[in-house]
Amino acid sequence: MTDPTPVRLLLADDHPVVRAGLRAVLETEPGLVVVAEAATAEDAVARAAEGDIDVVLMDLQFGKGMGGAEATARITARAGSPRVLVVTTYDSDADTLPAIEAGATGYLLKDAPPEDLAAAVRTAAAGRTALAPRVAERLMNRLRMPGTALTRRETEVLALVADGLSNQAIGRRLHLTEGTVKSHLARVYTKLGVDSRTAAVATATDLGLIRR
């Protein structure tokens, strides 16, 4: 017999049109009900704490202020917290790893078919992992080749290199010494088989380790 209790959802995204689209898709599904929306990560954290949410659909980018990964960590740190399903356009390691480490139950891309979105919500509500195929494949590759996979910190450093920051500026941003930044980059070069910042960024982008 099917459980009549609906899965209660919170939609957290800073774009009203995205929230409207998610609501339109999910409310056609039996057993799913959207009970709240949040336009900022801070609002999502506060709303998720009220006790009437089963799954939070969380974007990663919210403009200014807190990001989706930090919001996910704050939500999942509480006892009895709702599950968090990340729904975003970004599938690089620089995005997926922090979100999953923060406690996200699932990670889906916004171009997923409606039926996949609904299935992922139900999977997350049941406490099981739901991953976009591209994300799952890269996570499996990391496990198969741990010696060549970039660590989260190495990925962070390389993403800031791609943004045009100097080693000194990266150190300030991440609270690292300049020497530590250089050490991270040296390991990145070795793992990617390159010998320059430009080549490292190009290779990492092609591999989906950082955003284009």
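Everything quoted here is computed from the prediction, not taken from an experiment.
Within the model, atoms CG of Leu139 and CG of Leu97 stand 6.5 Å from one another, a figure rounded to the nearest 0.5 Å. The line from CG of Leu11 to CG of Leu57 is 6.0 Å long, rounded to the nearest 0.5 Å. Atom CD of Glu42 is separated from atom CE of Met66 by 4.5 Å, given to the nearest 0.5 angstrom. Within the model, atoms OG of Ser81 and CG of Asp54 stand 11.0 Å from one another, a figure rounded to the nearest 0.5 Å. Rounding to the nearest 0.5 Å places CG of Leu209 at 7.5 Å from CG of Leu158. Atoms OG1 and CG, from Thr72 and Leu60 in turn, are 7.0 Å apart once rounded to the nearest 0.5 Å.
Residues Val56 and Val33 share a hydrophobic cluster, clusters being chains of Ile/Leu/Val/Met/Phe/Trp/Tyr side chains in contact below 4.5 Å. Connection of Leu160 to Leu150 is established within a shared hydrophobic cluster, with ILVMFWY side chains joined at heavy-atom distances below 4.5 Å, either directly or through further cluster members. In the hydrophobic clustering of ILVMFWY residues, with side-chain heavy atoms under 4.5 Å counting as a link, Tyr189 and Val161 come out together. If you chain together hydrophobic residues whose side chains sit under 4.5 Å apart, Val86 and Ile100 fall into the same group. One hydrophobic cluster, built from ILVMFWY side chains closer than 4.5 Å, cannot hold both Val84 and Leu117; they sit in different ones.
Shortest non-hydrogen contact noted between Tyr107 and Ala99 is CE1-CB, 3.9 Å. Across all non-hydrogen atoms, the minimal contact from Leu26 to Ala118 is CD2-CA, 4.4 Å. Closest approach of Ala102 and Thr76 over heavy atoms only: O-OG1, 2.9 Å. Shown here for Ala124 and Arg83, the closest heavy-atom pair between the two residues is O-CG, 3.0 Å. Pairing each heavy atom of Ile75 with each of Val45, the nearest pair is CG1-CA, 3.9 Å. Residues Ala71 and Ala41 come closest through the heavy atom pair CB-CB, 3.8 Å.
With hydrogens and angles ignored, the 3.5 Å screen pairs a side-chain donor or acceptor of Asp13 with a backbone N or O of His15.
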* To do: For Val55 and Leu10, run side chain to side chain contact (heavy atoms under 4.5 Å, CB included): C-alpha distance rounded to whole Å, both residues' side-chain angles, the deciding distance at 0.1 Å, then the answer.
  => CA-CA 6 Å; Val55 178; Leu10 165 61; over 6 Å; no
* Go through the steps to decide whether His184 and Val181 satisfy the test side chain to side chain contact (heavy atoms under 4.5 Å, CB included), and finish with yes or no. => CA-CA 5 Å; His184 283 307; Val181 173; 5.7 Å; no
* **Stepwise side chain to side chain contact (heavy atoms under 4.5 Å, CB included) test for Leu131 and Leu108** => CA-CA 6 Å; Leu131 296 174; Leu108 208 63; over 6 Å; no
* **Audit row: Leu9, Val121, side chain to side chain contact (heavy atoms under 4.5 Å, CB included) steps and yes/no** => CA-CA 9 Å; Leu9 308 176; Val121 168; 3.6 Å; yes
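Other residues, nucleotides and ligands contribute only 12 or fewer heavy atoms inside 6.0 Å of the CZ atom of Arg173. Counted within 6.0 Å of NZ on Lys110, heavy atoms from surrounding residues, nucleotides or ligands total more than 12; the atom is thus considered enclosed.
Listed by first and then second residue, the side chain to side chain donor-acceptor pair (under 3.5 Å) pairs involving residues 193-205 are Asn167-Arg197 (not counting sequence neighbours). Among pairs with a residue in residues 118-132, those fulfilling salt bridge (Lys or Arg N to Asp or Glu O under 4.0 Å) read Glu29-Arg122, at least two apart in sequence or across chains.
Applying the side-chain contact (heavy atoms from CB on, under 4.5 Å) test between Glu156 and each of Ile210, Leu174, Leu176 identifies Leu174 as the sole match.
Under the side chain to side chain contact (heavy atoms under 4.5 Å, CB included) criterion, Arg211 pairs with Gln61, Tyr90, Ser92, Asp95, not counting sequence neighbours. Under the side chain to side chain contact (heavy atoms under 4.5 Å, CB included) criterion, Ala69 pairs with Pro98, sequence neighbours left out. Under the rule for a side-chain hydrogen bond (donor to acceptor under 3.5 Å, both in side chains), the partners of Glu27 that lie at least two apart in sequence or sit in another chain are Arg23. Taking the side chain to side chain contact (heavy atoms under 4.5 Å, CB included) definition, one finds that Ser183 meets it with Arg187, sequence neighbours left out.
Side-chain contact between Thr40 and Asp14 is absent, with no heavy atoms from C-beta onward closer than 4.5 Å. Between Leu185 and Val157 there is a side-chain heavy-atom pair separated by less than 4.5 Å.
The residues Arg47 and Glu37 are annotated as not salt-bridged, no charged nitrogen and carboxylate oxygen being separated by less than 4.0 angstrom. A salt bridge does not link Glu137 to Arg134: none of the charged nitrogens lies less than 4.0 Å from a carboxylate oxygen.
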